[in-house]
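To start, the structure itself, in structure tokens.
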Amino acid sequence: MSAILTTPLSPVPVKAHKHRVCVARGDGVGPEITDAVLHILREASAPVEFEALELGERAYRAGHTAGIPDAAWEAITARGVLLKGPITTPQGGGYKSVNVTLRKALGLYANVRPCVALHPYVLSQHPGMDVVIVRENEEDTYGGIEHRQTDEMVQCLKLISRPGCERVIRYAFEYAHRNGRRKVSCLTKDNIMKLTDGLFHKVFEEIARQYPDLEAEHHIIDIGAARLATKPRDFDVIVTLNLYGDILSDIAAELAGSIGMAASANVGQTLAMFEAVHGSAPDIAGKDVANPSGLLLAALMMLEHLGEQATASSIHNAWLRTLEDGLHTADLMNETTSKRCVGTREFAHAVAARLGQRPLVLKSRAVNDTNVPQLPPCAAQPSIAPAARAEKRCVGIDVFLDWNTPGRDAAQLAPHLQAAGGALFRLALITNRGVRVWPEGHAQTLCTDHWRCRFLTQESHCDGDALLALQQRLLAAGFAPIKTENLYTFDGERGYSAGQGE
Ligand code: NAD
């Protein structure tokens, strides 16, 4: 090994100015891993002063249904940065997840999750894996808008907006651009969800054209996820919708080595929150065995966000050296590179003791403010101009009915609906769970008590009065509409999914 690699680096100078940021130790293993991380930051003279907040179980018990007291909201918005330990979401109705609430309420729209293999010190099926997942953080089914509509049917709304797509996709390209990455891959299911996932894909293509130096590609999520699991080196930066990103990043973290090593940055226009990807791990809480690395890497992303790249690099190098020296927490123990199994606290002390050293084999970071990952500054994001208003015409309505007549035969239902349609509306189709059952259904189709009945206007468009009159006729005929969706065209283009046979 060359001498230069083993020579201790000059220490990072102690700065007079300190960033004031919030820290919440969280639940389960949260307090012990947070204490471990704060110990390392203190020993590295990180120029940060922490304001402690109470989020999670104690706040839930005090009656805050989202686990966030008012004082915590004020502190987070005033300081702009939060380092957060994992939080236990209580089971049962009425409680909201702290994580989801913070991400949505504070506009933390991009969730950046690097997944890097450190084989052979952290065993990975894919040595060399180095993928960053940028997950959309606010929209999709995570709006939590759910309804029970009939005895048999519940629904969850998937909401995707153009500005929401634009900012997270641009963020992914900016991240790739600033960090010398070569490619951005977009993963959606737009072969099925043509409007929602289709919009995400379309905006991806638009923004990709503004970054000609970066390769851009799209995969359908199922084959994309399979490829990521088998050939992660084909990927570089991935941008995807909220639910897919949630699942994919846990898989990617495990592929890289361990969920206990994965960190995430939740970034918004003015605020940012940094946390480990894993949860509160109640099964090992209080035992001094949890790996603090996920939260430590999150804290390093926080330092990078604050412009303290030198300190982040110094700690990162000491952490890599600790892993190389074979001091491993229980989740990382292996027969080839582990020398001793250490607890949470001892691991933190080992990292602190190695400050000023760098790894001998793994790739170290320069401590001179270059060559380190950069989170694109949120304020640098161009504000998104509202989309030009299209000519919007109402051309019909989908009426959802709770109809539970014995036999559940759409052929019996259709004549009543046709009569209610009157002269202005034509019954175009009836579906059950999205499957066409009229006209020309299949006997094999399972029919529930939930029917979507599509009425299209016989004229060029219809107004609200005509739609209300139609619903009144349905009520008068004894039907129970659960909900309606108006059908619009935008500049002549259909703004609703086609029903088969229309
Ligand atoms: P989990 O991530 O807490 O645990 C899954 C498994 O990984 C467990 O076997 C655990 O022991 C292990 N593990 C997790 N972190 C580890 C670490 N640092 N070192 C070693 N092993 C580790 O997932 P879960 O059990 O599904 O969730 C527990 C609680 O955490 C739930 O209440 C859930 O809602 C919450 N949660 C919170 C967050 C967050 O705060 N960001 C994220 C996910 C889950």
Side-chain angles (χ1 to χ4, degrees), residues 22-37 40 53-61 66-68 72 76 82-104 106 108 111-113 122-123 133 135 137 142 144 242-243 245-266 272-299 301-302 319 323 327-334 338 341-348 351:
C22 299
V23 64
R25 293 162 81 234
D27 304 321
V29 294
E32 51 204 290
I33 59 172
T34 309
D35 290 347
V37 168
I40 297 168
L53 305 181
E54 195 67 63
L55 299 179
E57 276 181 327
R58 280 177 60 176
Y60 284 119
R61 277 201 297 272
I68 310 169
I76 296 166
L82 169 65
L83 179 65
K84 189 185 75 57
I87 306 261
T88 301
T89 306
Q91 296 292 315
Y95 294 111
K96 290 189 208 156
S97 152
V98 168
N99 307 306
V100 177
T101 305
L102 282 175
R103 288 171 193 158
K104 289 196 300 190
L106 301 178
L108 308 178
N111 189 330
V112 183
R113 296 181 162 191
V122 179
L123 294 187
I133 296 179
R135 161 190 170 193
N137 224 9
Y142 285 63
N242 202 342
L243 177 60
D246 193 0
I247 299 167
L248 216 55
S249 54
D250 271 29
I251 295 172
E254 284 283 287
L255 286 173
S258 162
I259 188 81
M261 307 278 286
S264 91
N266 299 266
M273 172 175 82
F274 301 86
E275 59 182 345
V277 167
H278 65 77
S280 55
D283 53 333
I284 55 168
K287 296 181 177 164
D288 191 40
V289 296
N291 185 347
S293 297
L295 190 64
L296 178 64
L297 293 179
M301 286 205 274
M302 178 191 77
W319 173 73
L323 294 174
L327 300 177
H328 291 170
T329 45
D331 57 316
L332 304 185
M333 287 302 286
N334 67 80
S338 296
C341 183
V342 293
T344 312
R345 219 168 312 139
E346 193 180 349
F347 183 81
V351 175

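In this chain, residues are counted from 1 in sequence order. Both counts, for ligands and for their atoms, begin at 1 and track the order of listing. Just so we're clear, the structure is a prediction, and the values are computed from it rather than from any experiment.
- With distances taken over non-hydrogen atoms, the option nearest atom 1 (P) of ligand 1 out of G279, G26, P90 is G279.
- Within ligand 1, counting atoms from 1 as listed, the ones closer than 4.0 Å to a heavy atom of N291 are 17 (C), 18 (N), 19 (N), 20 (C).
- Close approach of ligand 1 to P86 is summarised as follows: ligand atoms under 4.0 Å from at least one heavy atom of the residue are 40 (O).
- On a distance-only criterion, D331 and ligand 1 share no N/O pair closer than 3.5 Å.
- Those atoms of ligand 1 with a heavy atom of T89 less than 4.0 angstrom away are 32 (O), 34 (O).
- Close approach of ligand 1 to V277 (heavy-atom distance below 4.0 Å) involves ligand atoms 42 (C).
- Partners of S280 according to the side chain to side chain donor-acceptor pair (under 3.5 Å) rule, which considers only residues two or more places apart in sequence or in another chain, are T88.
- Residues in residues 275-293 take part in these salt bridge (Lys or Arg N to Asp or Glu O under 4.0 Å) pairs, two or more places apart or across chains: K84-E275, R103-E275.
- Residue contacts with ligand 1 include P282, since one of its heavy atoms falls under 4.0 Å from the ligand.
- Counting only heavy atoms of the protein, atom 3 (O) of ligand 1 lies nearest to A281 N, 2.7 Å.
- Taking every non-hydrogen atom of E275 and a distance limit under 4.0 Å, the qualifying atoms of ligand 1 come out as 41 (N).
- Atom 7 (O) of ligand 1 has I259 CG2, 4.0 Å as its closest protein atom, hydrogens excluded (heavy atom only).
- The closest protein non-hydrogen atom to atom 8 (C) of ligand 1 is D283 OD2, 3.5 Å.
- Here atom 35 (C) of ligand 1 lies nearest to I87 when heavy atoms of L55, V98, I87 are compared.
- Polar contact with ligand 1: present for S280 (N/O pair, distance under 3.5 Å).
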